[in-house]
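Take a look at the structure below.
Order of the sequence lines sets the chain letters (A, B, ...), proteins ahead of strands, with each chain counted from 1. Keep in mind it's a predicted model, so treat the numbers as computed, not measured.
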2 protein chains.
Amino acid sequence: MTEPKYQRIAATLKAAIAEGEYGPGDRLPGENDLMAAHGVARMTARQALGVLQSEGIAEARKGAGVFVRTFHPLRRRGIQRLTREAWGSGRSVWSVDATDRDVVVDQIRVGEEPAAEHIARVLGLVADEPVCVRDRRFVLDGKPVLLSTSSLPAGLVAGSPITRPDTGPGGIYARLAELGHEPVHFREEVRSRMPTSDETARLALPGGTPVLLVCRTAFTQDGSAVEVNEMVLDANSYILEYDFDA
Amino acid sequence: MTEPKYQRIAATLKAAIAEGEYGPGDRLPGENDLMAAHGVARMTARQALGVLQSEGIAEARKGAGVFVRTFHPLRRRGIQRLTREAWGSGRSVWSVDATDRDVVVDQIRVGEEPAAEHIARVLGLVADEPVCVRDRRFVLDGKPVLLSTSSLPAGLVAGSPITRPDTGPGGIYARLAELGHEPVHFREEVRSRMPTSDETARLALPGGTPVLLVCRTAFTQDGSAVEVNEMVLDANSYILEYDFDA
DNA sequence: GGACGGAACATCTCTAGACATCTCCAGCGA
DNA sequence: TCGCTGGAGATGTCTAGAGATGTTCCGTCC
């Protein structure tokens, strides 16, 4: 019935943060402070701090202390980036940094692979048929924020710049159009979950940070899919925006 | 340099799950099993199991054991639900249950409150000006999956069915249209983070489950916002889908 | 056949201490 | 002034045990 000690301690810390006693980036009371203040064992104090870390409220830096996390999201416009319309005004609920900071490609790997089962199904291929895979990592101010894996039917893009790291002006969609497979319709599917250990490493994620999964499928006029792009986003770095008319 | 024991143990468990040795819903080796198998202390075995839980791979049921989690997402179409267009075909990347199971309202609270600062800014109100708030919880098969908090300028909707629990056919958008404030444009902003303890309680979330935050703003023809709907979704229960043309 | 009780077993909470490893900063030396 | 080196202090990992609490299941009793 009674609340465990570690939850009570965690609650007091959360309350103090909510009160503004500790702001973003500030150092929280550490294990030793909590042991003294609440008269508990080290493991109990650790458990309390662990609650805040697993909720993404705080972040421990080994040897330094436990600090309140910050939230500086990027805004990613899912639709305007692929059309050129502009609805323009209308304030946003979340405050945005005025400057659209620039995200740049950090790592890139282009190659040909047998298609995974779920990719082959969408692209209308038989399993293990080759696909052109473009695997990229994007960084913002040195911090990786996005992993993107794009798959296209290998037979469709063979010999085109799509199979090379630099696809030229307009990117792969412009090249697809030149090949007679212009994408005219897109579908984005969005999920969220905790990262795998591989994603944690590649995105340098602190504990308690989920990832957003965005899977975009590009369709041509005849309704066939020509590209599947699976993206993994640091949830702490992104707001996805979708604007559309009724 | 050497990997901690608890991570090694966690890795073996993950590998066993990936190998199919343990399927969704199966019981994993418990604390006592891991202590005996790897010759470690109880807290170390707990730490290993904690890794899988915080990654959302496993779920502990007190007194029963630790079990592999399942993933049965609902598909929420962000655009088609608000328009009537249908692109129709085109396979999805994630397998979907054929039946569109039905989500029903479980709790509802309608009232008038002073507007929060970020709501007032979007709706073009001064701070603390009253807004009509519709707070709802949706359940699927008895499990809560979605919290929705809709805010509208109180002056705009006073006396209309919007201020009552049952808004009638077509919902609040049909009522807004009748009042001369038909929404013609929508914006959805999507984020993800770990849940607050309040959200954990209201959605009955197991550990290691993030939430998706969807904030929808409805605009009328003249570009003014008439509704802000802040939704909290169990990330383990939802796939958000956005379909649009280039 | 059904209800109840209890034992076995599971996770959860917490203690007290040990050693490892990393960070930060002050002080020293070139 | 610059750079290196300690050392203090912080978190990370791990042990060995104890009691609390919830679940499961089987045998007994009605």
Side-chain angles (χ1 to χ4, degrees), chain A residues 1-14 17 22 25-69 197 200-201 204-209, chain B residues 1-14 17 22 25-69 197 200-201 204-209:
Chain A
M1 193 72 260
T2 79
E3 201 178 25
K5 287 186 185 178
Y6 77 95
Q7 284 189 12
R8 277 201 45 73
I9 298 174
T12 65
L13 287 173
K14 284 193 234 178
I17 292 171
Y22 304 102
D26 284 0
R27 185 176 175 283
L28 290 173
E31 298 175 0
N32 298 326
D33 303 301
L34 296 179
M35 286 170 67
H38 296 85
V40 296
R42 173 182 292 288
M43 291 302 292
T44 307
R46 278 185 65 73
Q47 217 173 350
L49 290 169
V51 170
L52 273 73
Q53 292 175 53
S54 70
E55 291 186 9
I57 299 172
E59 173 179 0
R61 293 214 306 271
K62 184 172 175 177
V66 182
F67 299 84
V68 179
R69 294 246 320 246
S197 49
T200 299
L205 293 174
T209 306
Chain B
M1 193 71 260
T2 78
E3 202 178 22
K5 286 186 185 178
Y6 76 95
Q7 284 189 14
R8 275 200 47 75
I9 299 174
T12 66
L13 287 173
K14 284 193 234 178
I17 293 171
Y22 304 101
D26 285 0
R27 185 177 175 283
L28 290 172
E31 298 176 0
N32 300 325
D33 303 300
L34 295 180
M35 287 169 66
H38 295 85
V40 296
R42 162 168 249 95
M43 290 304 291
T44 305
R46 276 185 66 72
Q47 217 172 347
L49 290 168
V51 170
L52 273 72
Q53 292 174 53
S54 70
E55 291 186 8
I57 299 172
E59 173 178 1
R61 292 213 304 271
K62 186 172 173 177
V66 182
F67 300 84
V68 179
R69 293 242 325 242
S197 49
T200 299
L205 293 174
T209 306

Whole Å only: how far is the [atom1] atom of [X] from the [atom2] atom of [N]?
| X | N | atom1 | atom2 | result |
| --- | --- | --- | --- | --- |
| A:Gln47 | C:dT11 | CD | C1' | 12 Å |
| B:Arg46 | C:dT13 | CZ | P | 7 Å |
| B:His38 | D:dA16 | NE2 | P | 16 Å |
| A:Leu49 | D:dT11 | CG | P | 7 Å |
| B:Gln53 | C:dT11 | CD | P | 9 Å |
| A:Phe67 | C:dT23 | CZ | P | 12 Å |
| B:Lys5 | C:dA20 | NZ | P | 13 Å |

For residues [X] and [Y], report the shortest heavy-atom separation together with the two atoms involved.
| X | Y | value |
| --- | --- | --- |
| A:Leu49 | A:Pro29 | CD2-O, 3.9 Å |
| A:Val68 | A:Tyr22 | CG2-CB, 4.0 Å |
| B:Ala48 | B:Ala10 | O-CB, 3.8 Å |
| A:Leu28 | A:Ala58 | CD1-CB, 3.8 Å |

Do the side-chain N or O atoms of [X] get closer than 4.0 angstrom to the phosphate oxygens (OP1, OP2) of [N]?
| X | N | value |
| --- | --- | --- |
| B:Arg61 | D:dT23 | no |
| A:Tyr6 | C:dT13 | yes |
| A:Thr44 | C:dT13 | no |

Close side-chain approach of A:Val66 to A:Leu52, heavy-atom, < 4.5 Å: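 With C-beta onward as the side chain, the pair stays apart.
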Residues in side-chain contact (heavy atoms from CB on, under 4.5 Å) contact with B:Pro206, at least two apart in sequence or another chain: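 Partners of B:Pro206 by the side-chain contact (heavy atoms from CB on, under 4.5 Å) criterion, ordered by chain and then number, come out as B:Glu59, B:Arg69, B:Thr209.
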By side-chain contact (heavy atoms from CB on, under 4.5 Å) - contacts of B:Phe67 (at least two apart):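 Listed in chain order: B:Arg27, B:Arg61, B:Ala64.
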Close residues, residues 26-36 of chain A, relative to DNA chain D [heavy-atom separation under 4.0 Å]: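 Here the set is A:Arg27, A:Gly30, A:Glu31, A:Asn32.
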Can you pull every protein N or O that's under 3.5 Å from an N or O on nucleotides 18-20 of chain D?
none

Earlier contact from the 5' end, DNA chain C, for B:Gly65 and B:Met43: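 Nearest nucleotide further toward 5': that of B:Gly65.
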For B:Asn32, all residues meeting side chain to side chain donor-acceptor pair (under 3.5 Å), sequence neighbours excluded: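 Here the qualifying residues are B:Arg42.
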Any residue meeting side chain to side chain donor-acceptor pair (under 3.5 Å) with B:Lys5, in chain and number order, not counting sequence neighbours: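 Side chain to side chain donor-acceptor pair (under 3.5 Å) list for B:Lys5, sorted by chain: empty.
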Salt bridge (Lys or Arg N to Asp or Glu O under 4.0 Å) contacts touching residues 44-57 of chain A (sequence neighbours left out):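 Passing the test, one end in residues 44-57 of chain A: A:Lys14-A:Glu55, A:Glu31-A:Arg46.
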Derivation of the side chain to side chain contact (heavy atoms under 4.5 Å, CB included) call for A:Val51 and A:Leu13: CA-CA 10 Å; A:Val51 170; A:Leu13 287 173; over 6 Å; no
Tabulate protein N/O versus nucleotide N/O from nucleotides 3-8 of chain D, keeping only pairs under 3.5 Å, one per line.
none

